[in-house]
**Q** 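Okay, here's the structure, questions in a sec.
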Amino acid sequence: MPDSPALLVIGECVADVVRLPGAPDRVHPGGSPANVAYGLARLGRDTTLITQLGPDSHGRLIGDHLASAGVRVLTDGSGAPTPAAVVDLDEAGRAAYTFEITWTLGPVEPPVGPRHVHTGSVATALEPGADTVLGLVRSLGADATVSYDPNVRPALMGDHGRAVRRAESCVALSDVVKASDEDLRWLYPDEEPGAAAERWLRSGPSVVLVTRGPRGALAFLPGARVSIGAPPVPVADTVGAGDAFMSGTLHALASHGLLGARGRTRLRSLDPAVLTDVLRHAVASAAVTVARAGALPPDEDELAAALTSTPVPER
C-alpha cells in the first residue's frame with residue numbers, strides 16, 4: 001500500500017488554457033484539488049493527490065508540475081484524457097471558464113492513514129467519478145479530518161436541486177468547509193451567503209469559511225464570526241486564488257495541530273484568536289497568487305513575507 005501522507009487531496013487535474021484579449025493562449029496546470037495539493041506541497045506539507053491524468057501532453061505538463069513541488073500522484077490508470085478548461089480573462093483579470101471535462105475516476109487504493117483529506121469542485125459534482133470520491137472520503141473520514149470546497153462551476157453542476165443535495169452531503173461529511181460568496185449565491189439564490197454559511201455550520205462542520213474576492217473573507221464558528229480584508233495587491237489574474245486560500249488555510253490549521261483525528265476535538269472548540277491567524281495565512285496565500293499569472297501559490301518564504309502586510313481580522 002502507498003505510504004501514509006500527512007494530507008491527501010482527492011480530485012481533478014485540469015489544463016487551463018488561458019486567453020487574454022490580444023494575447024496568445026497560455027496553458028497552465030490547474031484543477032482546484034490539484035492546485036490545493038500543489039499549494040500544500042509548496043508550503044512544505046507532505047501531500048498526495050488521487051486524480052486522473054491522461055497519457056497526453058496536458059497530462060505530462062500537469063504531472064511534471066505536481067512533481068516539481070513534491071506532490072505524490074495516484075491515478076486509477078484508466079488512461080482517460082486529461083480534462084481541459086478554456087479560461088477567458090477580462091481586462092480586470094477576472095476568469096470565466098468553458099470546460100472539456102469528463103470525470104470517471106475508478107477504484108484507487110488510497111494511502112494508509114492520512115491525517116487530513118481534502119476534496120471538492122468537479123470531483124464531487126460530476127458523475128460517475130463523484131461517487132468514487134465520496135466513497136473514499138467516507139472510508140477515510142473516521143480517522144482523518146475532512147475539508148470541502150464546492151468551487152461551483154455552473155456549466156458542470158447539472159440539475160440544480162441535485163447539485164445542492166450533493167453539496168450538502170459533502171458539507172455534512174466535513175470538518176472544514178470553504179466556499180465563495182458566488183458559490184453560495186448559485187446554490188442558494190434566495191438566501192444571503194452568510195446565512196447559508198451559518199446553516200451549513202449547523203449541519204456538522206466545525207468552521208465554515210466564505211471568501212469574498214477583493215472584500216476579503218468571513219469565518220463562522222458556533223457563536224462567533226471573524227472577518228478579514230484582502231491585502232491590496234496588483235491583480236494579474238484571479239486563477240487559483242480560492243485554491244491558494246484553501247491551501248493556506250490547511251497549512252495554518254496543520255501548524256496549530258488542528259488536523260487529524262486528534263486535532264478534531266480541538267477544531268470543534270476552535271479559539272477565535274487561532275482562527276484569526278488561520279485567516280491571515282489564507283488571505284496572504286491568495287494575495288501572492290493573484291499578483292502573478294496562473295495558479296502559482298506561494299512557498300513558505302513567500303507566504304512569510306506576505307504575512308507582514310496582511311490585515312488583522314476583525315471579530
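Side chains included, hydrogens not; waters and symmetry mates left out as well; all remaining heavy atoms used. Nothing fancy with the numbering, it's 1 onward along the sequence.
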**Q** How long is the span from the NE2 atom in His281 to the CD1 atom in Ile228, to the nearest 0.5 Å?
**A**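 So the gap between those two atoms works out to 11.0 Å.
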**Q** Is Val235 reachable from Val288 through a run of hydrophobic residues whose side-chain heavy atoms are each under 4.5 Å from the next?
**A**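 Val288 and Val235: separate clusters.
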**Q** Would you check if there is a donor-acceptor pair between the side chains of Glu168 and Ser203 at a distance under 3.5 Å?
**A**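 There is no such pair (donor and acceptor under 3.5 Å, judged by atom type) between the side chains of Ser203 and Glu168.
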**Q** Between Thr119 and Ile10 (side chain of the first, backbone of the second, donor and acceptor by atom type, cut-off under 3.5 Å), is there such a pair?
**A**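 It does hold such a pair.
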**Q** For side chain to side chain contact (heavy atoms under 4.5 Å, CB included), just list the numbers for Glu127 and Thr104, CA-CA rounded to whole Å, side-chain angles, deciding distance to a tenth of an Å, and then say yes or no.
**A** CA-CA 7 Å; Glu127 297 177 347; Thr104 59; over 6 Å; no
**Q** List, one per line, each side-chain donor-acceptor pair under 3.5 Å for residues 254-264, sequence neighbours excluded.
**A**
unit_1, atom_1, unit_2, atom_2, d
Ser255, OG, Arg45, NH2, 2.8
Ser255, OG, His251, O, 3.0
His256, NE2, Asp277, OD2, 2.8
Arg264, NE, Asp175, OD1, 2.9
Arg264, NH2, Gly141, O, 3.0
Arg264, NH2, Ala144, O, 2.5
Arg264, NH2, Asp175, OD2, 3.1

**Q** Are any side-chain N or O atoms of His118 and backbone N or O atoms of Leu7, one a donor and one an acceptor, separated by less than 3.5 Å?
**A**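 No.
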**Q** Find the distance between CZ (Arg166) and CE (Met157) and round it off to the nearest 0.5 Å.
**A**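 Answer for the CZ-CE pair, Arg166 versus Met157, is 9.5 Å.
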**Q** Would Leu253 and Val177 show up in the same hydrophobic cluster when neighbours are defined by side-chain heavy atoms closer than 4.5 Å?
**A**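 Per the 4.5 Å side-chain linkage, Leu253 and Val177 are not co-clustered.
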**Q** Can you name the closest pair of heavy atoms from Arg42 and Ala69 and give their distance?
**A**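 That would be CG-CB, 4.0 Å.
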**Q** Say whether, by atom type as modelled, one donor and one acceptor occur between the side chain of Thr132 and the main chain of Pro107 under 3.5 angstrom.
**A**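 Not confirmed, Thr132 side chain does not pair with Pro107 backbone.
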**Q** Would Thr145 and Val117 count as a side chain to side chain contact (heavy atoms under 4.5 Å, CB included) if you check the C-alpha gap in whole Å, the side-chain angles of each, and the deciding distance to 0.1 Å?
**A** CA-CA 6 Å; Thr145 42; Val117 178; over 6 Å; no
**Q** Give the C-alpha distance, both sets of side-chain angles, the deciding distance and a yes or no for side chain to side chain contact (heavy atoms under 4.5 Å, CB included) between Leu250 and Ser247.
**A** CA-CA 5 Å; Leu250 295 177; Ser247 57; 5.9 Å; no
**Q** So Trp200 and Tyr188, would you call those rings parallel, tilted or perpendicular, with 30° and 60° as cut-offs?
**A**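 Trp200 vs Tyr188 ring planes: perpendicular.
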**Q** Any side-chain heavy-atom pair from Leu275 and Leu221 closer than 4.5 angstrom?
**A**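 When only atoms from C-beta onward are counted, Leu221 and Leu275 do touch, with a gap below 4.5 Å.
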**Q** What verdict does the side chain to side chain contact (heavy atoms under 4.5 Å, CB included) test give for Arg153 and Asn151, after you've listed the backbone C-alpha separation in whole Å, the side-chain angles of each residue and the deciding distance to 0.1 Å?
**A** CA-CA 6 Å; Arg153 297 291 179 249; Asn151 191 44; 3.3 Å; yes
**Q** Does any part of the side chain of Thr75, heavy atoms only, come nearer than 4.5 Å to the side chain of Val108, both counted from C-beta?
**A**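 Side-chain contact under 4.5 Å: no.
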**Q** Drop me the distance from Thr82's OG1 to Glu100's CD, to the nearest 0.5 angstrom.
**A**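 Reported value, rounded in 0.5 Å steps: 12.0 Å.
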**Q** Tell me whether the guanidinium CZ or amine NZ of Arg202 lies under 6.0 angstrom from the six-membered ring centre of Phe220 and within 45° of its axis.
**A**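 Checked: cation-pi criterion not met.
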**Q** I want to check something: taking the side chain as every heavy atom from C-beta on, are Leu53 and Ile62 in contact at a cut-off of under 4.5 Å?
**A**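 A side-chain contact under 4.5 Å exists here.
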**Q** Side chains of Ser32 and Asn35: donor-acceptor distance under 3.5 Å anywhere?
**A**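 The criterion, which ignores hydrogens and geometry beyond distance, is not satisfied for Asn35 and Ser32.
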**Q** Would you mind checking if Asp143 and Arg115 are paired as a salt bridge, meaning a charged N to carboxylate O distance below 4.0 Å?
**A**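 Looking at Arg115 and Asp143, the cut-off is not met.
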**Q** Is a salt bridge present between Arg185 and Glu192, judged by a nitrogen-to-oxygen distance below 4.0 Å?
**A**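 Not counted as a salt bridge, because no side-chain N and carboxylate O are separated by less than 4.0 Å.
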**Q** Taking Gly106's backbone N and O only, do any of them form a donor-acceptor pair with Asp76's side chain (distance below 3.5 Å, no angle check)?
**A**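 Side chain of Asp76 to backbone of Gly106, a donor-acceptor pair under 3.5 Å: yes, one is there.
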**Q** Would you say Glu182 has more than 12 foreign heavy atoms packed within less than 6.0 Å of its CD?
**A**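 Atom CD in Glu182 is not packed in, count stays at 12 or less.
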**Q** Please check this pair: side chain of His58 against backbone of Pro81, looking for a donor-acceptor N/O pair closer than 3.5 Å.
**A**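 Side chain of His58 to backbone of Pro81: no pair is present.
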**Q** Check the hydrophobic clustering (I, L, V, M, F, W, Y; side-chain heavy atoms under 4.5 Å; chains of links allowed) and say if Leu140 and Val171 are grouped together.
**A**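 No.
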**Q** What is the minimum heavy-atom distance between Ala287 and Pro231, and which atoms define it?
**A**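 Looking at all heavy atoms of both residues, the closest pair is CB-CG, 4.0 Å.
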**Q** As an exercise, state the distance from CG of Leu43 to OH of Tyr38, rounded to the nearest 0.5 Å.
**A**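 It is 11.0 Å, given to the nearest 0.5 Å.
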**Q** Check whether any side-chain N or O of Arg280 sits under 3.5 Å from a backbone N or O of Leu307 as a donor-acceptor pair, and report yes or no.
**A**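 The answer is yes, because a donor-acceptor pair under 3.5 Å joins these two groups.
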**Q** Supply the atom-to-atom distance Asp131 CG to Leu126 CG, rounded to the nearest 0.5 angstrom.
**A**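 Output value for this atom pair is 10.5 Å.
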**Q** Going only through I, L, V, M, F, W and Y residues with side-chain contacts under 4.5 Å, is there a path from Val210 to Val207?
**A**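 No, separate clusters.
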**Q** For Ala217 versus Val283, what's the shortest heavy-atom pair and its separation?
**A**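 For Ala217 and Val283, the tightest heavy-atom pair comes out as CB-CG1, 4.5 Å.
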**Q** Given the rule that I, L, V, M, F, W and Y join up when any side-chain heavy atoms are under 4.5 Å apart, are Leu201 and Leu209 in one cluster?
**A**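 Cluster IDs for Leu201 and Leu209 differ.
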**Q** With heavy-atom distances below 4.5 Å as the criterion, would you say the side chains of Lys178 and Tyr148 are in contact?
**A**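 No; the side chains remain at least 4.5 Å from each other.
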**Q** Is the shortest heavy-atom distance from the side chain of Cys170 to the side chain of Val137 under 4.5 Å?
**A**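 When only atoms from C-beta onward are counted, Val137 and Cys170 do not touch, as no gap falls below 4.5 Å.
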**Q** Can you find a heavy atom in the side chain of Val208 that is under 4.5 Å from one in the side chain of Glu198?
**A**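 A side-chain contact under 4.5 Å is absent here.
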**Q** For Leu184 and Pro193, work out which heavy atoms get closest and say how close.
**A**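 Reported closest heavy-atom pair: CD1-O, 3.5 Å.
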**Q** If you measure from CZ on Arg212 to CG on Leu218, what distance do you get to the nearest 0.5 Å?
**A**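 The distance works out to 4.0 Å.
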**Q** Hey, are Glu12 and Thr51 close enough side-chain-wise for a donor-acceptor pair under 3.5 Å?
**A**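 Note: Thr51 and Glu12 side chains miss the donor-acceptor criterion.
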**Q** Are the side chain of Thr289 and the backbone of Ser285 linked by a donor-acceptor contact shorter than 3.5 Å?
**A**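 Yes.
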**Q** Would you say Leu66 and Pro29 make side-chain contact, with heavy atoms under 4.5 Å?
**A**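 Not touching, per the 4.5 Å side-chain cut-off.
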**Q** Looking only at side chains, do His28 and Arg26 share a donor and an acceptor under 3.5 Å apart?
**A**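 Yes, because at least one side-chain N or O of His28 sits under 3.5 Å from a partner of the opposite role on Arg26.
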**Q** Identify the heavy atoms of Asp25 and Arg19 that sit nearest to each other, and give their distance.
**A**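 The answer is OD1-CG, 2.8 Å.
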**Q** Kindly indicate whether the side chain of Leu49, heavy atoms from C-beta on, has any atom under 4.5 Å from the side chain of Leu74.
**A**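 The answer is no; the side chains never approach within 4.5 Å.
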**Q** For the residue pair Ser147 and Ser174, what are the closest heavy atoms and their distance?
**A**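 Of all heavy-atom pairs spanning Ser147 and Ser174, the closest is C-OG, 4.2 Å.
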